[in-house]
Protein chains: 2
Amino acid sequence: MQKGRPREFDKEQVLDKALHVFWERGYEGTSLSDLTEAMGINRPSLYAAFGNKEELFRQALDRYAEKGPGAVYREALAEPTAKAVVERLLKSSADCLTDPANPPGCLAVQGALSCGDAAESIKQELCQRRARVEQELRLRFERAKAEGDLGRESDPESLARYVMTVMQGMSVQAAGGASRADLHAVADMALRGLAAAES
Amino acid sequence: MQKGRPREFDKEQVLDKALHVFWERGYEGTSLSDLTEAMGINRPSLYAAFGNKEELFRQALDRYAEKGPGAVYREALAEPTAKAVVERLLKSSADCLTDPANPPGCLAVQGALSCGDAAESIKQELCQRRARVEQELRLRFERAKAEGDLGRESDPESLARYVMTVMQGMSVQAAGGASRADLHAVADMALRGLAAAES
DNA sequence: CTATATCGGTACCAATCAGTACATATATAG
DNA sequence: CTATATATGTACTGATTGGTACCGATATAG
């Protein structure tokens, strides 16, 4: 065991609390007072454990991508066919974005869509994360095309961008109060379109 | 003419400047210093002419909806057929969201997607505006259905929500750096899907 | 002309922001 | 036991937030 007085809180546990606050209020909309109150620790403990507000956000984002909704995306990519990937992706998004246990919408979309100078680097980080997911999806579609699972005339890049666009739109819809059923209807409509476009 | 010293700036002109700043940085990300600097007036003049930050935002939003991109939406709704409405809506959105003269994306989406307590009422205002546009679109589709322009099995509500979802997703894409061509490809894909779903 | 009403600019307000100095408390290492 | 290392809580920092009091300037009304 290490020297010194031991920490009196569970780091992952309070990180989840911070994640929840950032998710709900965005990066700029969250103050350190909001964070310390929700996390149940005081300011110097927060700084000692997580660095500063920006680093805390990044750690919360990592957790979001790893244990939270991000895990759902990775599972979807593992589906055997492109069609199954998209279906799983859209359906899971509809569920996840409206999960009553979490704030509505997606942290990677709402965390810092537009912001002042101070949050600029956070905004760019979120852009990169979204772009990375889009690229992973594109790669998955390219594989599907190579496997003959998608037609020769299909365009993996446009397809990936389109699916991302629908998911991101669903996030805005969720933030506006759309229900799980509403989003499932959107997902169905997008899926019908894709199935038709493929044939 | 009225008594007193006349205002030395054009109200609409400086309101456009304010609109631009809010559009780029969002409501919370914009400080009064940002505004006065961009508008070229000092603080008391701003308060005398526009009330306060929140009222200024609302007036900028009205202008956005009236003279800005909002006008494009109204034009699209006037198209003769549902298909033409959607096509015009998506294509115009792609152009508008990536117009180099404006910040990328849509003010009604990025202005305050998630935020702290102070901006809560702005967030709700934006939600209501988005919902109102969605409802206008739904009404347009209901008319199209009554006119036989849309099939009997079509669902105007889901259709409207789907189109709004795509447009809102395109706004997120634009904020992330997507080009006009990128968004046109998305629009084409959404349109192909709808055409197929209709048949 | 004088009286009145509004505008513009300086210089301020209290509240809040993110971040920290410092003293005290509590653990291990020897 | 003592020495050391880390955590906690109070109370603070300077900078910035949105918002104003006040005064001189500039217009019209009579």
Side-chain angles (χ1 to χ4, degrees), chain A residues 1-15 17-18 21-22 24-61 111-112 114-123 125, chain B residues 1-15 17-18 21-22 24-61 111-112 114-123 125:
Chain A
M1 203 165 183
Q2 69 170 331
K3 256 185 178 176
R5 179 171 172 179
R7 186 178 286 127
E8 289 185 0
F9 56 89
D10 176 29
K11 207 173 165 184
E12 290 200 340
Q13 198 170 320
V14 303
L15 184 56
K17 298 286 188 183
V21 180
F22 280 129
E24 191 166 24
R25 311 171 85 99
Y27 179 74
E28 267 184 336
T30 302
S31 73
L32 278 176
S33 301
D34 293 334
L35 290 167
T36 53
E37 186 185 358
M39 298 164 87
I41 65 180
N42 47 34
R43 222 170 277 226
S45 297
L46 188 156
Y47 277 82
F50 300 102
N52 59 21
K53 187 187 176 185
E54 186 169 333
E55 287 179 37
L56 173 60
F57 182 85
R58 292 195 143 90
Q59 291 172 55
L61 186 57
S114 48
C115 58
D117 291 328
E120 192 67 25
S121 78
I122 293 293
K123 172 180 144 191
E125 164 90 31
Chain B
M1 204 163 181
Q2 69 170 332
K3 258 185 179 177
R5 179 175 174 177
R7 186 178 286 127
E8 290 184 1
F9 55 89
D10 177 29
K11 206 172 165 183
E12 290 200 342
Q13 200 170 318
V14 302
L15 184 55
K17 298 287 190 183
V21 179
F22 279 131
E24 190 165 26
R25 311 170 84 100
Y27 179 75
E28 267 184 337
T30 302
S31 71
L32 279 177
S33 302
D34 293 333
L35 289 167
T36 53
E37 185 185 359
M39 298 164 86
I41 66 179
N42 47 34
R43 221 170 278 223
S45 298
L46 188 157
Y47 277 84
F50 301 102
N52 60 20
K53 187 187 177 185
E54 186 170 334
E55 288 179 37
L56 173 61
F57 182 86
R58 292 196 143 90
Q59 290 172 54
L61 186 58
S114 49
C115 58
D117 293 329
E120 191 68 26
S121 77
I122 293 294
K123 173 180 144 193
E125 164 91 32

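By convention in this document, chain letters (A, B, ...) are assigned in the order of the sequence lines, proteins followed by strands, and residues within each chain are numbered from 1.
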Discussion item. Expressed as a whole number of angstroms, how long is the span from B:Asp117:CG to D:dT17:C1'?
Written reply: 16 Å
Item to complete: Starting at atom CG of B:Asn52, determine the distance to atom C1' of D:dT20, rounded to an integer number of angstrom.
Response: 13 Å
Practice prompt. Give the rounded distance in Å between these two atoms: CG of B:Leu35 and P of D:dG19.
Written response: 11 Å
Practice prompt. Give a yes/no on whether any side-chain N or O of B:Asn42 is located under 4.0 angstrom from OP1 or OP2 of C:dG9.
Written response: yes
Worksheet item: In whole Å, what is the span from the CD atom of B:Glu28 to the P atom of C:dA18?
Response: 11 Å
Practice prompt. Grab the OH-C1' distance between B:Tyr47 and D:dC22 for me, whole Å please.
Written response: 17 Å
Discussion item. With a cut-off of less than 4.0 Å, is there a side-chain N or O of B:Ser45 near OP1 or OP2 of C:dC7?
Written reply: no
Worksheet item: NA contact type, A:Thr30, heavy-atom cut-off 4.0 Å: base, sugar-phosphate, or nothing?
Response: sugar-phosphate
Practice prompt. For A:Met39 and A:Leu46, work out which heavy atoms get closest and say how close.
Written response: SD-CD1, 3.7 Å
Worksheet item: Do side-chain atoms of B:Glu28 reach the backbone of B:Gly116 as a donor and acceptor pair under 3.5 angstrom?
Response: yes
Discussion item. Could you walk me through whether A:Arg58 and A:Ile122 satisfy the side chain to side chain contact (heavy atoms under 4.5 Å, CB included) test, starting with their C-alpha distance in whole Å, then the side-chain angles of each, then the deciding distance to 0.1 Å, before giving a yes or no?
Written reply: CA-CA 8 Å; A:Arg58 292 195 143 90; A:Ile122 293 293; 4.1 Å; yes
Practice prompt. Of all the heavy-atom pairs spanning A:Arg25 and A:Asp34, show the shortest one and how long it is.
Written response: NE-OD2, 3.5 Å
Practice prompt. Identify the heavy atoms of A:Tyr27 and A:Lys53 that sit nearest to each other, and give their distance.
Written response: O-NZ, 3.1 Å
Discussion item. Rounded to whole Å, how long is the line connecting atom NZ of B:Lys11 with atom P of C:dT6?
Written reply: 14 Å
Identify all pairs in which a protein N or O lies below 3.5 Å from an N or O of nucleotides 11-16 of chain D, and state each distance.
none

Item to complete: Output yes when a side-chain donor or acceptor of B:Ser45 lies under 3.5 Å from a complementary backbone atom of B:Ile41, and no otherwise.
Response: no
Worksheet item: Would you say the side-chain atoms of A:Arg43 and A:Ser33 include a donor-acceptor pair closer than 3.5 Å?
Response: yes
Worksheet entry | Distance-only donor-acceptor check, side chains B:Ser114 and A:Glu24, under 3.5 Å | no
Worksheet entry | With B:Glu12 via side chain to side chain contact (heavy atoms under 4.5 Å, CB included) - residues at least two apart | B:Asp10, B:Arg63
Worksheet item: C:dG8 P sits how many Å from B:Met39 CE, rounded?
Response: 11 Å
Discussion item. Let me spell it out: for each of A:Lys53 and A:Glu8, pick the nucleotide of DNA chain C with the closest heavy atom. Which residue's pick is nearer the 5' end?
Written reply: A:Lys53
Item to complete: Nearest whole angstrom, please: distance from the P of C:dG9 to the CD1 of B:Ile41.
Response: 10 Å
Between protein and nucleic acid, restricted to nucleotides 4-6 of chain D and to nitrogen or oxygen atoms under 3.5 Å apart, what atom pairs and distances do you find?
from  : atom 1 : to     : atom 2 : distance (Å)
D:dT6 : O2     : A:Arg5 : N      : 3.2

